[in-house]
Protein chains: 2
Amino acid sequence: MGIREKVNRELRSGLYTLFILKSVDALGETYGYEIIKYIEKKSNGKIKMKDATVYPVLRYLDRHKILRSFWATTGSGVPRKYYALTDEGKKLLKELMEDYRELEILAKNILEVKE
Amino acid sequence: MGIREKVNRELRSGLYTLFILKSVDALGETYGYEIIKYIEKKSNGKIKMKDATVYPVLRYLDRHKILRSFWATTGSGVPRKYYALTDEGKKLLKELMEDYRELEILAKNILEVKE
DNA sequence: TTACATATATAACACTGTTAGGTATAAGGT
DNA sequence: ACCTTATACCTAACAGTGTTATATATGTAA
């Protein structure tokens, strides 16, 4: 794999947890597959997270009380595991958004130097 | 370690290679230790990269002709290994900066939703 | 019946930052 | 003399995380 691709993957992967949390926030009660499609759509098809990336993250956040979850086996179709932000999750997301914006500024300081 | 700290570390680590390349670009011929201090200064002391992170990255980029390197043992003091961007490295940095700016926009699409 | 979309899960693997330790020179304080 | 700090580089072992590959299962369209 090329270096450009490698660095791009590193850049994206750092954002994954934040993307997932924000998606749950925007969608309300939602599930893994929908989150993947949501992010893909919002990024104009540019960011396609792997299911094997998303599902473990969701379970991790669930275990740590950032998300709550329940199975919905209503009617037909494959059962879905729904997730939603807990109060703790909402607080975390708020903090992470502040952290992200601060990091963006720091990155700008480093990356926009002309000398 | 807390989740907030974990996510923050993920966010930062994705930027490390780009920070290093941009630092070499800004400093001209430079060396690992100076890069670490440069990034620390530019980020107001907020980003302190570990030497064990920076040196392997520099050697990796050197091996892949993105950087060129030479030892300077002039006079007294500990010998320094200097690095500079190759033509290929300059091209890569330019591409990565475009990639980064594009990713920033994609991230904005996902993270700045109010609905 | 074939293929695709939907929907979740886990094991094995590769990659990468951290922790921890080692080596070495030089300056400043006690 | 001694100790600490700053400078300067390196590597091994560890932990964490995304990818690849695989498995399971339902519903729909060609």
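To find a chain, count down the sequence lines: A is the first, B the second, and so on, and within it residues start at 1.
- Taking atom CD1 on B/I3 and atom C1' on D/dG16, their separation rounds to 14 Å, with Å as the unit.
- Distances from the side chain of A/K37 to the nucleotides C/dG17, C/dT6, D/dC10 place C/dT6 closest.
- Side-chain proximity of A/Y33 to C/dT8, C/dT16, D/dA8: nearest is C/dT8.
- Between the CE atom of A/M49 and the C1' atom of D/dT19 there is a distance of 12 Å, given to the nearest Å.
- For B/I36, the side chain to side chain contact (heavy atoms under 4.5 Å, CB included) partners two or more places apart in sequence, or in a different chain, are B/D51, B/V54.
- The residue among A/P79 and A/T17 whose nearest nucleotide of DNA chain D is located toward the 5' end is A/T17.
- For B/K37, the side chain to side chain contact (heavy atoms under 4.5 Å, CB included) partners at least two apart in sequence or on another chain are B/Y33, B/E40.
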Pull out every protein N or O sitting under 3.5 Å from an N or O of nucleotides 3-5 of chain D, one pair per line with the distance.
none

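- Nucleic acid contact class of B/S13 (heavy atoms, under 4.0 Å, all strands): sugar-phosphate only.
- Atom CG in B/L58 sits roughly 9 Å away from atom P in D/dC9 (whole-Å rounding).
- No contact: B/E34 has no heavy atom under 4.0 Å from any strand.
- Residues satisfying the side chain to side chain contact (heavy atoms under 4.5 Å, CB included) test with B/S13, not counting sequence neighbours, are B/Y16.
- Here A/K6 pairs with A/M1, A/E10, B/Y60 under the side chain to side chain contact (heavy atoms under 4.5 Å, CB included) rule; sequence neighbours left out.
- Which of D/dT19, C/dG17, C/dT6 sits closest to the side chain of B/Y16 comes down to C/dG17.
- Contact detail for A/L85 and A/V24: the closest heavy-atom pair is N-CG1, 3.7 Å.
- Between the P atom of D/dA6 and the CZ atom of B/R80 lies a distance of 17 Å, rounded to the nearest Å.
- Judged as a salt bridge (Lys or Arg N to Asp or Glu O under 4.0 Å), the pairs with a partner in residues 59-73 of chain A (not counting sequence neighbours) are, in order, A/E29-A/R68.
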Polar atom pairs between nucleotides 10-12 of chain C and protein, under 3.5 Å, N or O only, would you list them?
| unit_1 | atom_1 | unit_2 | atom_2 | d |
| --- | --- | --- | --- | --- |
| C/dT10 | OP2 | A/R59 | NH1 | 3.0 |
| C/dT10 | OP2 | A/R59 | NH2 | 2.9 |

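- Residues A/I39 and B/I110 meet the side-chain proximity criterion, which asks for heavy atoms closer than 4.5 Å.
- Checked against D/dT19, C/dT8, C/dT18, the side chain of B/R9 finds its nearest nucleotide in C/dT18.
- Across the protein-nucleic acid pair, B/L15 atom CG and C/dG17 atom C1' stand 14 Å apart, rounded to whole Å.
- When the side-chain nitrogen and oxygen atoms of A/K50 are compared with OP1 and OP2 of D/dT20, one or more of them lie within a distance under 4.0 Å.
- Pairs of residues two or more places apart, or lying in two chains, that qualify as salt bridge (Lys or Arg N to Asp or Glu O under 4.0 Å) and include a residue from residues 80-92 of chain A are A/K91-A/E95.
- Residue pairs meeting the ring-ring contact (aromatic ring centres under 6.0 Å, His included) criterion with at least one member in residues 77-112 of chain A, sequence neighbours excluded, are A/Y31-A/Y82, A/F70-A/Y82.
- Summarising the geometry, the separation between OH on A/Y83 and P on C/dA7 is reported as 14 Å, rounded to the nearest angstrom.
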